[in-house]
Protein chains: 2
Amino acid sequence: MDKEKKILDTALKLFVEFGFHGTPTSKIAKDAGVANGTLFHYFSTKETLIKELYVSIKNELNQILASQANPTDSIKEAFRKLYFTTINWALVNQDKFYYIQQVHFSPHLAQIPEEVLHEQSKMHITFIEKAKASGDIKIMPNELLYTLVNSQIMGIYQYVLTQPTDQQQDSIEQGFEMIWDLICSSQAKIYE
Amino acid sequence: MDKEKKILDTALKLFVEFGFHGTPTSKIAKDAGVANGTLFHYFSTKETLIKELYVSIKNELNQILASQANPTDSIKEAFRKLYFTTINWALVNQDKFYYIQQVHFSPHLAQIPEEVLHEQSKMHITFIEKAKASGDIKIMPNELLYTLVNSQIMGIYQYVLTQPTDQQQDSIEQGFEMIWDLICSSQAKIYE
DNA sequence: TAATAGATTGACTAATCAGTCGATATTTAA
DNA sequence: TTAAATATCGACTGATTAGTCAATCTATTA
């Protein structure tokens, strides 16, 4: 297996379990089955490793979301896909989803260039603008809409985690109706 | 000034800015104006300091919320107070609010005993049960309600942070209408 | 006053860890 | 086949840091 990838995988597992501080690079290398120096051959510093792991995970999710997009979908359908795909991806990749938050609430986030972060949310912002233009969505600032949807997804995800597997999809569905109700314009609702 | 409190205040500031790893105990002691040994007199380990800081902050917020509670308030009014007080407290105490999330997405959370965490959310859970019994709130699991409200508060808070001060209260108000709309029973809505 | 307990100090240490480096192996390209 | 480039190794180091400790100071109490 590709050693660079092995290092990333191992780092993810250890960072999530023991935190950044609690994970020495030597342990990452050892668990990944590579020499100490090899880790620094691929990632010049520990900080670089932390950042590149973050970016690779965000890219993975974004690529999956992009692959689902279908121009002929209605706004609601498109939004539904975004929501379901994200939550289900998070359920299958709990470590990765957790790691995103872990970086988000750490000083490492400030080390990631603004343009990289912007690149990550670009797709969502474009979608939001399209949705608003369609009139299916309440008039509100883009930022607010983005933040609300994000936090709702976080909330539902966290709740679903506490549930038995066979009830999860129902809850996700309910969560979708709620958030859609929250953001769709009442006008659109009437004619729905 | 009380040295123990000075240490906690300094630790908060440094942890938020530089993270747990990036903040040596020696720097906390120095910035707090106490000797190295004094820090360990009050907090036997760095881990203890991290945990006690978390608990003290949560307690502070909970006490403020409890002091606002008024038994004669309607459910909506009581919920409104909870929501407004939390967000406004968060705006005034951004470091503390951030620190709560920082601990939440770190391995340190697992070090805090279940009973302490439960104690922290007890008030909210009691309120949720009262609200549900009143019929003003949609029928849904306590956990879901709790998580949804929490994440909605996080979302609104984060959005409000990006806004100029003079528009913040309006946004918080709008956010309240949204979340109330999300959780109040349609039956109660009709007779409102 | 004398005695006890707690608070405070800062130099010190044992351990850890991020990152280096020179040597060796492997792959690629000419 | 040869040469250059890249990958891999792991012992090593310089710096850092959590936590200790014996000594001193301060407050309380009998």
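Side-chain atoms are counted along with the backbone in the values below, which use heavy atoms only and exclude waters and symmetry mates. In what follows, chains carry the letters A, B, and so on, assigned in the order in which the sequence lines appear, proteins first and then strands, with residues in each chain numbered from 1. The model shown is predicted, which means the values in this text are computed figures rather than measured ones.
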Checking all strands, does B:Tyr42 fall into the base, sugar-phosphate, or nothing category for heavy-atom contacts under 4.0 angstrom?
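Sugar-phosphate contact only - B:Tyr42 comes under 4.0 Å of backbone atoms but never of a base.
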
Using whole Å, report how far [atom1] of [X] lies from [atom2] of [N].
| X | N | atom1 | atom2 | value |
| --- | --- | --- | --- | --- |
| B:Phe18 | D:dT17 | CZ | C1' | 17 Å |
| A:Leu49 | C:dG19 | CG | C1' | 13 Å |
| B:Ile28 | D:dG19 | CD1 | P | 11 Å |
| A:Lys27 | C:dT16 | NZ | C1' | 15 Å |
| B:Leu39 | C:dG10 | CG | C1' | 13 Å |
| B:His41 | D:dC21 | NE2 | P | 16 Å |
| A:Ile7 | D:dA7 | CD1 | C1' | 11 Å |
| B:Asn36 | D:dA22 | CG | C1' | 15 Å |

Indicate whether any N or O donor in one side chain lies under 3.5 Å from an N or O acceptor in the other, for B:Tyr98 and B:Gln102.
no

Which nucleotide wins on minimum distance to the side chain of [X], given the candidates [options]?
| X | options | answer |
| --- | --- | --- |
| A:Thr45 | D:dT17, D:dG19, C:dG19 | C:dG19 |
| B:Lys46 | D:dA18, C:dA11, D:dT8 | D:dA18 |
| A:Phe40 | D:dC9, C:dA18, D:dA18 | C:dA18 |

NZ/NE/NH1/NH2 to OD/OE distance under 4.0 Å, B:Asp9 and B:Lys5
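So B:Asp9 pairs with B:Lys5 through a salt bridge.
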
Below 4.0 angstrom from OP1 or OP2 of C:dT9, is there any side-chain N or O of B:Lys3?
yes

Would you say A:Thr38 reaches D:dC9's phosphate, i.e. side-chain N/O to OP1/OP2 under 4.0 Å?
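For D:dC9, OP1 or OP2 has a side-chain N or O of A:Thr38 closer than 4.0 Å.
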
In terms of heavy-atom contacts, A:Asp31 and A:Lys6 come closest through O-NZ, 4.3 Å

Hey, would you say the B:His104 and A:Phe105 ring centroids sit under 6.0 Å apart?
no

Using the ring centroid of each side chain, check whether B:Phe20 and B:His108 are separated by less than 6.0 Å.
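When the ring centroids of B:Phe20 and B:His108 are compared, they turn out to be within the sub-6.0 Å range.
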
